[in-house]
Colleague: 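Please read through the structure below; I'll follow up with questions.
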Amino acid sequence: MWRLLSTALLLLASASTGAEGQQKAVVSLHPEWDRLLERDNVTLKCQGPQAEGHNATWWWRSGTLLSNHTSSYFIALATVSDSGEYSCQTSLSERSDPVPLHVQAAWLQLQARRWVVQEGDPITLRCHSWKNVPIHKVQYFQNGRGRKFSHQNSDFHIPRAAGKHNGSYFCRAMIGTLNVSSDAVNIVVQALPAPPTSLGLPVLFCLLLGLLFAVDTGLYFSVQSDLRNSLRNRRNDNVTWSKSPEDKQEQSKEIV
Ligand SMILES: *[C@@H]1O[C@H](CO)[C@@H](O)[C@H](O)[C@H]1NC(C)=O
Ligand SMILES: *[C@@H]1O[C@H](CO)[C@@H](O)[C@H](O)[C@H]1NC(C)=O
Ligand SMILES: *[C@@H]1O[C@H](CO)[C@@H](O)[C@H](O)[C@H]1NC(C)=O
Ligand SMILES: *[C@@H]1O[C@H](CO)[C@@H](O)[C@H](O)[C@H]1NC(C)=O
């Protein structure tokens, strides 16, 4: 029984340390927009542990290793060919998850910090113009319906995302006398996960441990009382050891 218990403990211990491997590097964008227009600037930063005296960083764009080895990858005057999925790695990290960068040749572009949000999170949409030229009569649309209008450029802010904010968005504006629109982009509002059930895994594990302990303790005492009985029987009465098994069971039941 104790072997079973210690096996269970060992399993639990290995489960908690099993995930331990090398830390993953993380790519971040500065400024944070993952959709850019041509001639925009952006710096990609790689964060991850480095070995002493070995400050190395590797960068990949859509799986192709790039020649730059500094922790910041600076893209000045972006072109469409800078588009791709960027990932990086430092001397003591695993390769990061890929971060998409989308560079477009257009007048206007819709930007957001995140395109997938949780219910209750804020959403901020930005109508970005080529070379930041001034725009006016700015309108934001959701699923083809006007949601916000402003004479000067301003962001479209939704303080708390809800299911009804799911959908396809774009912006439209005037550049001088030019009437221009951005591409449409989807925003996905994820429903909040159901609250955790009251019996989580740790609780179940404790219950299992308790049960094992109880069974073990029960066994211990019944073995002990059997021993005590047989000792007493041997001492007091030479005949009892030949008692039928049923009688013996009867006796131990009384004691337990
Ligand atoms: C990007 O930086 C360059 C200088 O390196 C500057 O001329 C250009 O205006 C910047 N682009 C934008 C969109 O601000
Ligand atoms: C790559 O490195 C070279 C030289 O170190 C530098 O001039 C260039 O700007 C870097 N490119 C990027 C995208 O960081
Ligand atoms: C938003 O739409 C996605 C599918 O596009 C769906 O999975 C999700 O549940 C929707 N969110 C809400 C809150 O309705
Ligand atoms: C821009 O063009 C759309 C049609 O594509 C039109 O409905 C809208 O009124 C125009 N906006 C302005 C400010 O003229």
Side-chain angles (χ1 to χ4, degrees), residues 19 23-38 40-48 59-63 72-73 75 78 80 82-88 93-130 132 135 137-173 180-197 200-201:
Q23 196 180 321
K24 255 192 197 177
V26 176
V27 175
S28 56
L29 303 176
H30 307 268
E32 66 242 85
W33 320 116
D34 61 353
R35 295 173 61 80
L36 303 180
L37 289 172
E38 284 204 305
D40 279 342
N41 304 316
V42 62
T43 303
L44 287 79
K45 287 190 176 157
C46 184
Q47 274 177 309
W59 288 98
W60 289 264
R61 186 199 304 119
S62 305
S72 290
Y73 187 89
I75 299 175
V80 171
D82 290 314
S83 298
E85 305 247 314
Y86 286 83
S87 54
C88 75
S93 66
E94 262 183 58
R95 208 205 283 200
S96 70
D97 289 329
V99 167
L101 191 72
H102 179 76
V103 184
Q104 200 187 1
W107 282 106
L108 277 192
Q109 196 178 45
L110 193 71
Q111 294 181 320
R113 285 182 182 86
R114 289 185 299 140
W115 302 103
V116 177
V117 300
Q118 293 265 307
E119 262 177 336
D121 284 353
I123 299 174
T124 300
L125 298 179
R126 194 172 176 248
C127 195
H128 172 51
S129 62
W130 183 59
N132 292 319
I135 55 177
K137 291 188 181 166
V138 181
Q139 248 184 311
Y140 291 88
F141 292 83
Q142 178 194 0
N143 301 327
R145 295 180 57 192
R147 282 279 172 241
K148 181 184 166 159
F149 175 87
S150 57
H151 282 281
Q152 301 305 316
N153 193 8
S154 71
D155 293 349
F156 176 29
H157 188 64
I158 298 166
R160 294 175 62 78
K164 64 176 180 182
H165 298 119
N166 242 356
S168 164
Y169 289 78
F170 74 94
C171 67
R172 185 162 78 195
V180 289
S181 295
S182 76
D183 275 357
V185 194
N186 283 331
I187 289 201
V188 174
V189 180
Q190 288 179 329
L192 281 178
T197 50
L201 203 62

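Numbers here are sequence positions counted from 1.
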Colleague: Measuring only between side-chain heavy atoms, which start at C-beta, is Asp183 closer than 4.5 Å to Arg35?
Modeller: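 Side chain of Asp183 against side chain of Arg35, heavy atoms only: contact under 4.5 Å found.
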
Colleague: Is there side-chain contact between Gln111 and Thr124, with at least one heavy-atom pair below 4.5 Å?
Modeller: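 The answer is no, as the side chains (C-beta and beyond) never meet within the 4.5 Å cut-off.
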
Colleague: Under 3.5 Å, side chain of Gln47 to main-chain N/O of Ser28, donor-acceptor pair present?
Modeller: no

Colleague: Work out which heavy atom in Gln109 is nearest to a heavy atom in Gln104; give both atom names and the distance.
Modeller: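 Of all heavy-atom pairs spanning Gln109 and Gln104, the closest is NE2-OE1, 3.3 Å.
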
Colleague: Without swapping roles, check the side chain of Lys148 against the backbone of Asp155 for a donor-acceptor pair under 3.5 Å.
Modeller: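 Checking the backbone N and O of Asp155 against the side chain of Lys148, a donor-acceptor pair under 3.5 Å is found.
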
Colleague: Among Val116, Ile158, Leu125, find the residue that satisfies the side-chain contact (heavy atoms from CB on, under 4.5 Å) test when tested with Ile187.
Modeller: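 Of all the options given, the one that passes is Leu125.
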
Colleague: Minimum heavy-atom separation for Val117 and Pro122, please, with both atom names.
Modeller: CG1-O, 4.4 Å

Colleague: Would you say the side-chain atoms of Ser83 and His102 include a donor-acceptor pair closer than 3.5 Å?
Modeller: no

Colleague: Under the side-chain hydrogen bond (donor to acceptor under 3.5 Å, both in side chains) test, which residues partner Ser93, sequence neighbours left out?
Modeller: Thr90

Colleague: Quick one: does Ile75's side chain get under 4.5 Å of Asn41's, heavy atoms only?
Modeller: no

Colleague: Do the side chains of Arg61 and Tyr73 get nearer than 4.5 Å, heavy atoms only?
Modeller: yes

Colleague: Within this structure, what is the SG-CZ distance for the pair Cys171 and Phe149, rounded to the nearest 0.5 Å?
Modeller: 13.0 Å

Colleague: Starting at CG of Leu44, measure out to NE2 of His30 and round the result to the nearest 0.5 Å.
Modeller: 8.0 Å

Colleague: Quick one: side chain to side chain contact (heavy atoms under 4.5 Å, CB included) partners of Glu38, sequence neighbours excluded?
Modeller: Thr79, Val80, Val103, Ala105, Trp130

Colleague: Less than 3.5 Å apart, any donor N or O on the side chain of Trp33 or Asp40 sitting next to an acceptor on the other?
Modeller: no

Colleague: Below 4.5 Å, heavy atoms only, C-beta onward: do Phe156 and Val138 meet side chain to side chain?
Modeller: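 With C-beta onward as the side chain, the pair stays apart.
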
Colleague: If you define the side chain from C-beta out and look only at heavy atoms, does anything of Ile135 sit under 4.5 Å from Trp107?
Modeller: no

Colleague: Which pair of non-hydrogen atoms, one from Asn143 and one from Gly167, has the smallest distance, and what is that distance?
Modeller: OD1-CA, 3.4 Å

Colleague: Which atom names give the shortest non-hydrogen contact between Leu37 and Ser129, and what distance separates them?
Modeller: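 Scanning both residues completely, I find the closest heavy atoms to be CD1-C, 3.5 Å.
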
Colleague: What are the two closest non-hydrogen atoms of Ala25 and Cys46, and how far apart are they?
Modeller: CB-SG, 4.1 Å

Colleague: Donor-acceptor pair, Asp34 side chain versus Leu101 backbone, under 3.5 Å?
Modeller: no

Colleague: Counting distance only, does the side-chain N/O of Asn153 pair as donor-acceptor with the main-chain N or O of Cys127 below 3.5 Å?
Modeller: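 Yes, the answer is positive, given that a donor and an acceptor are paired below the 3.5 Å cut-off.
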
Colleague: By side-chain hydrogen bond (donor to acceptor under 3.5 Å, both in side chains), which residues pair with Lys24, not counting sequence neighbours?
Modeller: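 Scan of Lys24 (side-chain hydrogen bond (donor to acceptor under 3.5 Å, both in side chains), adjacent residues dropped) gives Asp97.
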
Colleague: If I compare all heavy atoms of Val27 with all of Tyr86, which pair ends up nearest, and what's the gap?
Modeller: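 Looks like CG2-O, 4.1 Å.
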
Colleague: Roughly how far, to the nearest 0.5 Å, is the OG atom of Ser96 from the CH2 atom of Trp60?
Modeller: 8.0 Å

Colleague: Can you tell me if Ser182 uses its side chain to pair, donor with acceptor, with the backbone of Leu108 under 3.5 Å?
Modeller: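 Not confirmed, Ser182 side chain does not pair with Leu108 backbone.
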
Colleague: With rounding to the nearest 0.5 Å, note down the distance linking NZ in Lys45 to SG in Cys88.
Modeller: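 The SG atom of Cys88 is 12.5 Å from NZ of Lys45, to the nearest 0.5 Å.
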
Colleague: Is there a donor-acceptor pair under 3.5 Å between the side chain of Gln139 and the backbone N or O of Phe170?
Modeller: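 Between the backbone of Phe170 and the side chain of Gln139 there is no qualifying donor-acceptor contact (under 3.5 Å).
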
Colleague: Atom CG of Asp121 and atom CD of Gln190: how far apart are they, to the nearest 0.5 Å?
Modeller: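 Between Asp121 CG and Gln190 CD, I get 9.5 Å after rounding to 0.5 Å.
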
